[in-house]
There are 2 protein chains.
Amino acid sequence: MTDSAARASRDEPPQGPPATARVQQIVAAARVLLEEHGWEAISMRTVADRLGIRAPSLYKHIAGKEELQAALVADGLREMGAALHGCVADAGVLDSSDAADRAARVRALLGTYRRHALANGAMYRLATSGPLRREVLPDGLEEWAGRPFWLVTGDPIRAQALWAATHGLAVLELDGRFPPGSPVDKAWAATAWAFA
Amino acid sequence: MTDSAARASRDEPPQGPPATARVQQIVAAARVLLEEHGWEAISMRTVADRLGIRAPSLYKHIAGKEELQAALVADGLREMGAALHGCVADAGVLDSSDAADRAARVRALLGTYRRHALANGAMYRLATSGPLRREVLPDGLEEWAGRPFWLVTGDPIRAQALWAATHGLAVLELDGRFPPGSPVDKAWAATAWAFA
DNA sequence: CACCACGAGCTAACAGTGTTAGCCTGGCTC
DNA sequence: GAGCCAGGCTAACACTGTTAGCTCGTGGTG
């Protein structure tokens, strides 16, 4: 990878229009609830409670629950993207086409992805599940978050396939859909091997 | 594969305890709503409306909305499983370890999976997303539905990895998460190739 | 200084949700 | 015929997101 490409991969994530301090507090409160008790625990009243105000007052600052969700989704994508970009940056020289290097990069990316998704289950699910309302997301954020897959595979098609496989593993593991006691580590390893 | 194993792969799906006619009508009504307007259109009142009764009357037949959902999930898994089992049955002799045959089987299975998931979006999402409450599902149904992956890959670990990759592609495509205009077909093909 | 505007809180209310309690009625059985 | 019970009903509760309209304090302006 060239020097400029390396810098580009470290680029800051696309930011949306800046939020007021109060909006940031609201999103932060929702996030605490999300991480502690899951999305279903987030209601306009519970969020308002955490701030010591009543639910209707929230509407002085945000348009509705959908906007709150969109803000959390954007945060989730930014954090996921930051983790993945950090991983490919750490991997050092990326334009090596040596097969062993490539396999190591794929393994590292998948490891980072898995750790991040499992450590931030509710945020990950929120950010990656269900239809994406692109119009309420900062421009280019989604593409930025997925770019590490492109950087590691060197090909947009393989990048999408690897991303989908990785996402599938993450959601199934998060949701406990693998049969109890099955060696999930090995399924991750098999995926890395298949795409290396 | 032995003859008995081939028969086993055609086995009928595990059935739960038989439902009364009225319960079947309730589930059918919910299913129509699900397919026409998505899960969020299903409320106890809308389901009851379709049957010409009031919502509380539903509770004479089913324990609650969760049980309704569980019945739909079981239906979804049975139908998905039937499609996949049909695919591997059609593929004929399955114990061939010829690489080309294997690749063709993987391609066929992924094609069937994709068609089924896209043609039954709401049911697919319902059956495969979110935590699975195994205790309310017929015993062995989940394992039965996933067995075609095992039959095609010949290995439980690779089966899980392939299943996860396939699921990832399906949900991302269903949810429109691939960048607009991107060649999703090729991502499916790349996945089949990676696991062949 | 007086005034006014506006930001940001409040209460009351509405329509919708899942669910429970309790009532009623028609048909089957003894 | 008497009684039971399956399967409907209404009323109600506690929740949800959201709107309308009021109030109060603060900052800027004539």
Side-chain angles (χ1 to χ4, degrees), chain A residues 17-75 122 125-126 129-133 135-137, chain B residues 17-75 122 125-126 129-133 135-137:
Chain A
T20 70
R22 198 58 169 148
V23 168
Q24 288 178 331
Q25 290 170 11
I26 292 170
V27 174
R31 180 157 183 174
V32 172
L33 287 168
L34 178 65
E35 283 165 356
E36 282 180 358
H37 304 104
W39 172 253
E40 67 280 0
I42 296 188
S43 82
M44 297 304 270
R45 284 166 176 85
T46 55
V47 171
D49 270 2
R50 272 202 84 85
L51 296 170
I53 63 178
R54 301 300 161 103
S57 304
L58 294 175
Y59 291 81
K60 298 288 179 178
H61 305 281
I62 57 173
K65 200 183 184 184
E66 284 208 347
E67 186 169 316
L68 184 53
Q69 177 169 352
L72 290 168
V73 167
D75 277 2
R125 231 187 300 244
L126 189 65
S129 303
L132 184 60
R133 311 206 32 235
E135 71 276 13
V136 298
L137 228 53
Chain B
T20 71
R22 199 58 168 149
V23 169
Q24 289 178 328
Q25 290 170 11
I26 292 171
V27 175
R31 180 157 183 175
V32 172
L33 287 168
L34 177 65
E35 284 166 355
E36 281 180 358
H37 307 295
W39 171 253
E40 67 279 0
I42 295 188
S43 82
M44 298 304 270
R45 285 167 176 84
T46 56
V47 171
D49 270 2
R50 272 200 84 86
L51 297 170
I53 62 178
R54 300 303 161 102
S57 304
L58 294 174
Y59 291 81
K60 299 287 180 177
H61 305 281
I62 57 174
K65 200 184 184 183
E66 284 207 347
E67 187 170 316
L68 184 53
Q69 176 169 352
L72 290 168
V73 167
D75 277 3
R125 232 187 300 244
L126 188 65
S129 302
L132 185 60
R133 311 204 33 234
E135 70 276 14
V136 298
L137 228 53

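A quick note: this is a predicted structure, and the numbers were derived from the prediction, not measured. Throughout, a chain's letter reflects where its sequence line sits, starting with A, and its residues are numbered from 1.
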Would the base of C:dG7 count as contacting A:K60 through its side chain, where contact means a donor and an acceptor less than 3.5 Å apart?
no
On DNA chain D, does the nearest nucleotide to A:T46 precede the nearest nucleotide to B:R45 from the 5' side, or the other way round? Give the residue.
B:R45
Choose from [options] the nucleotide whose nearest atom is closest to any side-chain atom of [X].
{"X": "A:I53", "options": "C:dG9, D:dT18, C:dC23", "answer": "C:dG9"}
{"X": "B:S57", "options": "C:dA8, D:dT18, D:dC9", "answer": "D:dC9"}
{"X": "A:P56", "options": "C:dG22, D:dA11, C:dA12", "answer": "C:dA12"}
{"X": "A:M44", "options": "D:dT18, C:dT19, C:dC10", "answer": "D:dT18"}

Taking for each residue the nucleotide of DNA chain C with the nearest heavy atom, is it A:G52 or B:A41 whose nucleotide lies nearer the 5' end?
A:G52
Is there a side chain to side chain contact (heavy atoms under 4.5 Å, CB included) between B:I53 and B:R22? Walk through the geometry before answering.
CA-CA 12 Å; B:I53 62 178; B:R22 199 58 168 149; 3.7 Å; yes
Answer yes or no: does a side-chain N or O of [X] lie under 4.0 Å from OP1 or OP2 of [N]?
{"X": "A:R54", "N": "C:dT11", "result": "yes"}
{"X": "B:S43", "N": "C:dG18", "result": "yes"}
{"X": "A:H61", "N": "C:dG9", "result": "yes"}
{"X": "A:R22", "N": "C:dG7", "result": "no"}

Separation of atom [atom1] in [X] from atom [atom2] in [N], rounded to whole Å:
{"X": "A:W39", "N": "D:dT16", "atom1": "CH2", "atom2": "P", "answer": "13 Å"}
{"X": "A:E66", "N": "D:dT18", "atom1": "CD", "atom2": "C1'", "answer": "13 Å"}
{"X": "B:Q69", "N": "C:dG18", "atom1": "CD", "atom2": "P", "answer": "12 Å"}
{"X": "B:I26", "N": "D:dG7", "atom1": "CD1", "atom2": "C1'", "answer": "11 Å"}

Categorize [X] for me: base, sugar-phosphate, or nothing, with a 4.0 angstrom heavy-atom threshold over every strand shown.
{"X": "B:K65", "result": "sugar-phosphate"}
{"X": "B:L51", "result": "nothing"}
{"X": "B:L58", "result": "nothing"}

Does the side chain of A:V136 come within less than 4.5 Å of A:E67's, by heavy atoms?
no
Does any part of the side chain of A:V47, heavy atoms only, come nearer than 4.5 Å to the side chain of A:K65, both counted from C-beta?
no
For the side chain of A:T46 and the backbone of A:A41, is there at least one donor-acceptor N/O pair under 3.5 Å apart?
yes
Atom CD of B:E66: over 12 foreign heavy atoms under 6.0 Å
no
